[in-house]
Amino acid sequence: MNLQLLKDTAKLLFADHKGLLAMDESNGTCNNRFEKFGIPQTVEARRAYRELIVTTPGLGESIGGAILYDETIRQQKSDGTPFLEVLIEAGITPGIKVDTGAKELAGHPGEKVTEGLDGLRDRLQEYFQMGARFAKWRAVIAIGRGLPSWGCIEANAYALARYAALCQEEGLVPVVEPEVVMDGEHTLEQCCEVTDEVLRTVFSELFAQRVVLDGMVLKPNMVLPGISCTIQPTLDEVADATVNCFLRSVPAAVPAIAFLSGGQSAELASARLNAMNVRFKSRLPWALAFSFARAIQQPALEIWNGSQVNVGTAQQALYHRARCNQAARRGEYSSDMEK
Ligand code: 13P
């Protein structure tokens, strides 16, 4: 294993308070998002949208890495330039989603396990040769009556650890994403309890599979109540619950924690990340960064709406969100930036 390469990549992704742009929606997820706006669900529409993202002027000022999907890593601009070349030229390190999706977990109604380990070594080798330097695998943990089960947490943690070990062997930084999802009525305290247990289990499995913590990135949920919970916390309450939970369960050797947005609005995601950095930054062992998909893309997608004439304005919206999140990493974001 080339540990120096892994450490260098992890450092590069988050240098200058940059973060990750998740644009690795599977075709199904991307089509669902397009459907809401009546955008055609075609290969060409997905390609055009991805071209809008990767050609956004100045994106590399605040984005250190972009997570692609298998279809996207092979696509090109309309003039034939590969997206990979465009990203590298912009100073953005290409990454790739390598799981093959969350499937029903046998014997565990309402729970899922993420698949994709079969043949993974060969796929990682191909992606590395293409130019990818990091990878992503997302596990999904739901909170509900009697959920999550130990079996679900354990199966997902084991798969994450096997994936991470394979990535490190092949020179790709694993972005380890155990997502405790926001659906439901659960409280902030319940999310904290579950996130804590999930993270402890994930790190125990990472340890068992000999994953080197200095050469990985954690991509967790923020600690939040369910979207249907009647009590919604303040920014500071979210910041305290999240960071205190991680201080108990995430080893100091991990270089960076890059949050997913999980369905929060773009502005709330920035404000909450900012609150964490304002309150804790000077005393944390890891960088607190972002790896948002919806909270960084949504405003741009809405403006674009499938139409070429909107590309420039949509790109400005994407650039703006990236800048807001970079400011949040510094603890310098404020709602004035949204005016
Ligand atoms: P969201 O930020 O939309 O939750 O997506 C992050 C991600 O990469 C999910 O795997």
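Counting starts at 1 for both ligands and their atoms, in listed order.
Within a 6.0 Å sphere centred on NZ of Lys103, other residues, nucleotides and ligands contribute more than 12 heavy atoms. The 12-atom threshold is not exceeded at CD of Glu193, counting heavy atoms of other residues, nucleotides or ligands nearer than 6.0 Å.
Note: Trp286 and Phe246 have perpendicular aromatic rings, judged against thresholds of 30 and 60 degrees for the angle between ring planes.
Remark: ligand 1 and Ser291 share no N or O pair separated by less than 3.5 Å (distance only, no angle test). Considering backbone and side-chain atoms alike, Leu260 places every N or O at 3.5 Å or more from each N or O of ligand 1.
When Gly262, Ala258, Ala102 are ranked by how near their heavy atoms come to atom 4 (O) of ligand 1, first place goes to Gly262. The residue from Lys219, Lys136, Glu179, Gln297 that puts a heavy atom closest to atom 10 (O) of ligand 1 is Lys136.
The protein non-hydrogen atom at the shortest distance from atom 3 (O) of ligand 1 is Arg294 NE, 2.7 Å. Of all protein heavy atoms, the one lying nearest to atom 5 (O) of ligand 1 is Ala293 CB, 3.2 Å. The nearest heavy-atom contact from the protein to atom 1 (P) of ligand 1 is Ser261 OG, 3.3 Å.
Annotation for ligand 1: atoms under 4.0 Å from non-hydrogen atoms of Ala22 are 8 (O). For ligand 1, the atoms closer than 4.0 angstrom to any heavy atom of Phe292 are 2 (O).
Judged by a 6.0 Å distance limit and a 45° cone about the ring axis, Arg50 is not positioned over the six-membered ring of Phe83.
Contacts of Arg138 with ligand 1, taken as heavy-atom pairs under 4.0 Å, involve the side chain alone.
Between Arg47 and Glu44 there is a salt bridge, since a side-chain N of the basic residue sits under 4.0 Å from a carboxylate O of the acidic one.
When side chains are defined from C-beta on, Leu6 does not count as touching Asn2, because their heavy atoms never get closer than 4.5 Å.
Under the side-chain contact (heavy atoms from CB on, under 4.5 Å) test applied with Leu21, the options Ile63, Ile67, Val54 reduce to a single match, Ile63.
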